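For reference, the structure discussed in these notes is given below.
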Amino acid sequence: MNMNPKDLATTAKNSWCPGCGNFSIMSAMRMVLAELDSQGFPVENVVLVSGIGCHAKIVDYMNVNSFYSIHGRTLPAASAIKIANPDLKVICFSGDGDSLAEGLDHLIFAAKRNIDLTMILHDNRVYGLTTGQYTPTSPQGFKGKSTPSGTSEHPLNPLELMLVSGASYIARGYTHGIEQLQKLFKEAILHKGFSFVDVLQVCVSYNNLYESYNKWTYTVQGNDASSFEEAQKIIRSWNYDRSEVPIPLGKFYQIEAERFDQSFPEYRQNLSERDSKIKTLLENFI
Ligand code: SF4
C-alpha cells in the first residue's frame, strides 16, 4: 500500500511562524519519503538528524527515526550513524548559522570525505531562533540585533565551498518552489556520496526575502552537471552579497567519487566479534 505523506506527520505542536519557509521544506521531504517508501525504499531505513535552530524542529514534526544533535554538530552525529550502519540513509537538516558558523569544519570534512549523507541547508541567512542576528550568508550591510549599523563582512558562498571541498552533488532550491524541492531532495537522497542542497528558506520574521527571490530566482536549463568548471561558473554567478541579480536554482553538479563510508570493510567484518566483546564488557561492568 502506498504511504500517504500525512502518515509522516506527528502530533507535536508546530511553533514555526506562519509563512515560514520551513513548512515547504517539511512538506517536500514528507512527500519524497512517502514516494520513496512506495518505491521500495522503506522509511524505516531513513534517519533524520538536525542541529539547533528553527530548522531543527523539523525532526519533531516528522514521524521518522531521528536524532536531535547539538549546535553545529549535525554531521558528526550523522557520520557516526552512517558508518555504524551503512544500510541506513541519513538525511541532515541544518541552518546557515548552524552549519556555516558553529559547524563549518564538519561541513568541509563531510564534503572532503564524500561520505554518503544528504545535507539540506535551511538557508534563511539569519539566526531566526535567537531573533535576528547576521549569519555567514547574510549580505554585507545586513542590519540585525548584533549589527544595528549593518555587518561589515561579506558572505560565504556555501555552494562554492562545497564544490571545492569535494561534495559530489550540489543543488539549490527555493521554498516557493515545492515541486523543484521535491525533485532535488529525491535526487540528493538517491545520490551515493555527499549531497548538498542549499534551500533559500525565507524567514518571514527577521529576513523576509520573498519579494526579492520571487523576482530574481530562475532555474538553470541544459547545464552539464558533470563539469566542475560549468558548475563553478553557475555557482559564482550569485555570491549572496549582490541583490538585484539573477539567482540560479537547480542541480549544478553531480559526479561519482570514492566514498568515506566504504572505507571500513575490515571493521565491518569484525563487527559481530567486537559487538560480543563490548557486550561482555558491559555485562561485567554492570
Ligand atoms: Fe521561520 Fe524565521 Fe519564524 Fe524561525 S523565526 S520559525 S526561521 S520565520
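What you see below is based on every heavy atom in this structure, not just the backbone, and it leaves out hydrogens, waters and symmetry mates. Treat the numbers as computed from the prediction; the structure is a model and nothing was measured. Each ligand, and each atom within it, is numbered from 1 in the order the structure gives.
By the 4.0 Å heavy-atom criterion, Gln201 is counted among the residues contacting ligand 1.
Among Ser15, Cys203, Gly19, Gly95, the residue whose heavy atom lies closest to atom 2 (Fe) of ligand 1 is Cys203.
What sits closest to atom 4 (Fe) of ligand 1 on the protein, heavy atoms only, is Cys54 SG, 2.4 Å. In terms of protein heavy-atom proximity, atom 1 (Fe) of ligand 1 is closest to Cys20 SG, 2.4 Å. Protein heavy atom closest to atom 8 (S) of ligand 1, with residue, atom name and distance, is Val204 N, 3.4 Å. Nearest to atom 7 (S) of ligand 1 among the protein's heavy atoms is Asn124 ND2, 3.5 Å. For atom 6 (S) of ligand 1, the closest heavy atom belonging to the protein is Cys17 N, 3.5 Å.
In this pair, Tyr210 and Tyr174 present their aromatic rings tilted. The plane angle is within the 30 to 60° band.
Side-chain contact between Ile120 and Cys92 is absent, with no heavy-atom pair separated by less than 4.5 Å. Considering only heavy atoms from C-beta on, Leu33 comes within 4.5 Å of Val46 through its side chain.
Ring to ring, Phe93 and His122 are close: their centroids are under 6.0 angstrom apart.
Classification of Arg125 and Asp96 as a salt-bridged pair fails, no side-chain N sitting under 4.0 Å from a carboxylate O.
Contact annotation: for Val126 versus ligand 1, there are no heavy atoms closer than 4.0 Å.
Among Gln140, Glu153, Lys143, the one residue that satisfies the side chain to side chain donor-acceptor pair (under 3.5 Å) test with Tyr134 is Glu153. Among the candidates Pro158, Pro136, Ser94, the single residue satisfying the side chain to side chain contact (heavy atoms under 4.5 Å, CB included) test with Ser99 is Ser94.
Applying the 4.0 Å criterion to heavy atoms of Tyr206 picks out, from ligand 1, the atoms 5 (S).
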